[in-house]
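Working notes, beginning with the structure itself.
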Amino acid sequence: MGSKKRSSSSVEEEVEGKIDAVMDNVVVPNPLEKKKMKMKKDKKVDETLSVKPMERFKKRKALDKERRHAAVSENEEEPKKPKQLRVGSVADEDHAPVASSSSSGLPEFHIDVFKDLALADGKVREAAAEAMVKELQAVQEAYERMENKDFVEVGLKLEAVKDDGLKNCAPSVRYAIRRLIRGVSSSRECARQGFALGLTILVGSIHSITLDSLLKLIVDLLEVTSSMKGQEAKECLLGRLFAYGALARSGRLTKEWDSDKNTPFIKEFTGILISLASKKRYLQEPAVSVLLDLIEKLPKEALLNHVLEAPGLHEWFEGSTEVGNPDALLLALKLREKIAVDSPIFNKLLLSPFIPSNLFTAAHLSSLANCLKESTYCQPRVHSLWPVLLNILLPEMVLQVEDSVSVSNSLKKHKKSRKCSSSEEEIAKNFQCFCDVIIEGSLLMSSHDRKHLAFDVLLLSLPRLPASFVPIVLSYKLVQCLMDVLSTKDSWLYKVAQNFLKELVAWVGDDDARRVAVIIGLQKNSSGKFDSITRIKTVKDLMAGFKTESGCMLFIQNLTNLFVDEGNASEEPSDQSQTTDDNSEIGSIEDKDLVGTTGNSDFLKTWVVESLPSILKYLKLDLEAKFRVQKEILKFLAVQGLFTASLGTEVTSFELQEKFRWPKATTSSALCRMCIEQLQLLLANAQKVHCTTFLLLLLANAQKGEGPRALANGLEANDLGAYFMRFFSTLYNIPSVSLFRSLSDDDKNTFERLEAMEKSLCREERNCGLSTDANKLHVLRYLLIQLLLQVLLRPGEFSEAASELIICCKKAFDASDIPPCSGEDEMDGDATPQLMDVLVDTLLSLLPQSSNPMRTAIEQVFRYFCDNITDDGLLRMLRVIKKTFKPARHQEAEDEEDDSDDENFLGIEEDEEIDEAKTANTGETDEHTDDSEAVVGSGEVGKRDPEASRDSDGEDDDDDDATSDDSNGGTDDNAVSGEVGKEALDASDDSDDSDGGMDDDAMFRMDTYLAQIFKERKNQAEGENAHSQLVLFKLRVLSLLEIYLHENPGKFKLHLWLSLFTGKPQVLTVYSNLAQAFVSPHIAEGSEQLGQRIWGILQKKVLKAKDYPKGEAVQLTTLESLLEKNLKLASKPFKRKKSAVSPSKKKQSASWTRHKMVNSLAQSSTFWILKIIDAGKFSESELQRVLDIFQGVLVGYFESKKSQIKSEFLKEIFRRRPWIGHHLFGFLLEKCGSTKSEFRRVEALDLVAEILKSLVSTDESGQDASKKVMKSHLRELCDLIKDLVTNMPEKQSRRAEVRKFCGKVLQIISNLNLNRSFLKHLDSDAHAACEAQLGENFVNLKKVER
């Protein structure tokens, strides 16, 4: 307020305050001096008011400054006291501001109490008012007892004017009244509240203050003149309002009525308030509030004869509807409620007779719309009219009348809904009309302020709102308005809408009826898109809040009605102008398009179908209750997705004792497919929890002492798949019900055979009790059910696979009651391997185009049957992983490649940076080789004897470049060793398209899908779709392989091949093929997800698994080949692609990351293979090939710059497998001394030191053996030390490494007492060099020798 201009009354008050402050320390000795001081004070006030505005402003600043200085000095002199103590201190003699002197015979009145009336602390204001009135009452009583009042009148007036009408009041009282009336017009701090409180108590306590004088004094002191500016006039008007409010609350008017029934003051007071309310809009509501306070205190007779007859009231009521006066309507409602009589004065606002049904008619509400719309002027506060109106609209006696029984009544099916009483129907009708006319028709169609008001009014109605009224509140226009606002975060109403939803959700609480009503209301009027358009999770969070079975059942029933009833889809137009004005924010164009499609009920029905299974996601119920909820969901999905009614829209099943309904309009095929997909998902989730249910029932029955049969009965009771098949069969056999689509003869036959096989397996499962076969039967049953639904989804695609699966089921469990089909005779003869081959092949053929639920069923079947998988079946799966779009490269292209490293593990390319787009599109470049041709253990076989590969190991890198054909060398994991392997190799096809021993018929179904992918690849220029399909297929097959490795760690399988039994570790087969796929840039780099998945399986399920291949079945030749390739891969340098255009940093980073991962895989694989070799207990002669491989690696390490194998990696090998280092010790010493690379020589010293650490034994028993070994290598060790000390490195760090190594060697020699022998092998030059470079270490060695 400091920046605003102060009124003249404020100036007067400040001047008076200044004078009072001066008088605080002065006690007036006699009345004459008081009179002189008063005259002096009046003179100062007149001077202040007569000066110019600028001078008055300067004087006001000076007064403020003096007052602040006085306050500071007072605080310094006196200790600080609580505000509450100030009032009590006025009676102290030391604090002596008085308005009366004891010499006049009147008690003292401390005028500093007025300061406390303006403080912000309400308790201080109340105490000050009470203290003031108490003192004034004492003064007045003493005044009234005085006989000679003229002397007091002359001497103690204190600004009291002789003609103010307060002749019977003491001068202090008259002064206080004037001071209080002026104080209510002050805007300083809480002056209005405090002075009005004092005036209220004073007028109510001292009856000598007459009403006519008081009313006249209020007008005179707070007169509004034409010369006043806006703020000054406002202060005076507000002062009048507070003064009249004090008078009304004092109770004087009521006492006046009690003493005189014909008193004119009530009528006059009412007219004054009406006149005041008409002056300014901001005065209306508080003026009516003052009048309402008076009305509450007056009897009915006074209201009829005085208030209603007040001047100006009738005209005020008459013009209220035109100008929009909500306060007039509020006053009329309160007056009508008080008098309970219809009066003509209300006819414009309240119809006669006054009943809610008349008040809330559409026509009358339309006439009141202006009054209600204009109530926004008091925002953000809600006008007092609305609570009064809502009390009439929603009386408390019907509060939540329906909620107590709504849930139970809604769950009673085939019965008429409960009839509402007439009063409830009338209330619902009135509320519907109110929302239609006022909320939607007036407020939501208008400005932001009125939209805000609409939300506030609805929030006010929530505590009284039954759940059945929620659809009225959440109407189409309101939900559309919410979506428009919430779709734009910078909307002016965004926080308002957020708060509305927050309060709405809080109102829902744990009430299921409210929860269902709110969800349905929001989604019905947004076509199921409320969350997606508003980008919040209101509906999702509400759906996650169901905790009871009854709530879920109620929700399912409402969703069913929403889906079936044609009237559920809102027919409101989607024009956004219905809920927004020109200045309103609206959502994006996409959001408007979504909302604009509400005429199509399929959007809403889509949400219904998707929402039903999601109910179970967060539901925590016992098994039986959850199963009942699942059954209700299943019945809806099955009825609406699988069947249609041939006659009408309702069908009653007497067997199921239920009535089923369909929409009048035919359900679209897309919705039917969605229902079937959700049905598949529901069954898949039930299958996932089957194992958990099995364990829980097993534990429960064990505690009850029940046997396996009871457990089987418990599982059967909660078998959702069995219930679905019974339900499906019952509906399928009803004549008036048919499938949603017609099937061909082949599909119909397949459909019936699947149904029959499922029944047979179900009977067999019940007979098995607790056994592994029972679990196998269970997963097969669910796969048959998924396949049955898949036949309906995609007819004509699964008939052959279904027939093969039925044959497998029949052969595996001897289901003789199933009619035969063509092709069944092919499964005769021996053996389970043939059966498993067909089963695996069938699963692979189903996998590419299957849905997620069907893949779950396939994985479950594979989990229980993978124990018996054959090599051929396993290779079929691995063949999919290795498949690429890149055709096999011609041998001529391989010969022409300069830097071909086909001998490296899995044919890793020299170029690590691959142009992914080019590789994916063409797969043809001379820069890359087809890695699938050079895989070890991939199922492909070469034409080269393993010895050829051994011969090339000792050659240096220059020769390696010229032997590209060696990539197909080595022993395949799928081939046998020796002559058997050669025969197998000669009989095989060495192309990448080899079927690995599979005939055409067995591979046809899987190859059909692969052929389709390659056909799309050929027809599409970019090939992205085909590539993504192939990657997706590979990922699904990898899931099966991961299951196999989890269920069969270190699995071995003996198989018959060419009349010879050979042991073959299948895990090695899986490992080698997956490693090839990961290393191959055409496979792994084509999809980062695929590469990461292969990496994860190799690390977790193979290399870091607790079990690993071991035993006599492990072929050492296979391990040797894998070891050689992994070591070469670990030595592989990182090379950038030579290109005119520099690759981006992102590609360089990705290439480097991939190189590190491949290198890490090679190292981990080496450790794993050596662990298998160690567990094999091979003889030293058999391990010679392994040592040769490591010797070749060391040759490359010392002699070739291309070898980038890490010394830390070799050191770790020597630490884990010391026998390797022991055999290579002499060779390593020789290479260290002869190498030309100073860096490699120093780096290799750590390898030598690691071997020495394992060679030298610390216990006495091993001293002799260690000494013997050291003697055998002493000459090489002396030569190495001689070379080191005579050719010391230039870098200081390397010299330090050399000295450190030599010190360790000398210490070992000294500990083994080999000093003499060591010194003997050193010549004189070496002696001198050692003394110069090694210093004390060598001198001490010589001393010990002497």
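- Atom CG of Asn733 sits in a crowded spot, with more than 12 heavy atoms from other residues, nucleotides or ligands closer than 6.0 Å.
- Residues satisfying the side chain to side chain contact (heavy atoms under 4.5 Å, CB included) test with Glu797, not counting sequence neighbours, are Arg794, Gln849.
- Other residues, nucleotides and ligands place more than 12 heavy atoms under 6.0 Å from the NZ atom of Lys631.
- Between Pro853 and Glu677 the shortest side-chain heavy-atom distance does not fall below 4.5 Å.
- The side-chain heavy atoms of Val609 and Gln640, taken from C-beta on, include no pair separated by under 4.5 Å.
- Scanning for ring pair (Phe, Tyr, Trp, His ring centres under 6.0 Å) contacts around Phe660 gives Phe727, with sequence neighbours left out.
- Between Phe728 and Phe724, the angle of the ring planes lies from 30° to 60°, which puts this pair in the tilted group.
- Within the 4.5 Å cutoff, no side-chain heavy atoms of Glu758 are placed close to those of Leu761.
- A salt bridge does not link Lys1100 to Glu1042: none of the charged nitrogens lies less than 4.0 Å from a carboxylate oxygen.
- From Thr730, atom OG1 reaches atom CG of Leu656 across 5.0 Å, with rounding to the nearest 0.5 Å.
- The side chain to side chain contact (heavy atoms under 4.5 Å, CB included) test applied to Leu788 returns Met725, Phe751, Leu754, Glu755, not counting sequence neighbours.
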- Leu616 and Leu682: side chain to side chain contact (heavy atoms under 4.5 Å, CB included), yes or no, with the steps? CA-CA 9 Å; Leu616 302 168; Leu682 181 66; 3.5 Å; yes

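- Applying the side chain to side chain contact (heavy atoms under 4.5 Å, CB included) criterion to Leu1032, with sequence neighbours excluded, gives Arg1036.
- Taken to the nearest 0.5 Å, the CG atom of Leu1098 stands 8.5 Å off from the CH2 atom of Trp1095.
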- Tell me, with the steps shown, if Val608 and Phe636 meet side chain to side chain contact (heavy atoms under 4.5 Å, CB included). CA-CA 10 Å; Val608 172; Phe636 170 84; 4.0 Å; yes

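- Residues satisfying the side chain to side chain contact (heavy atoms under 4.5 Å, CB included) criterion with Thr666, sequence neighbours excluded, are absent altogether.
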Do any side-chain atoms of residues 668-675 form donor-acceptor pairs under 3.5 angstrom with protein atoms, and if so which ones, sequence neighbours left out?
from	atom 1	to	atom 2	distance (Å)
Ser668	OG	Asp602	OD2	3.2
Ser668	OG	Leu671	N	3.3

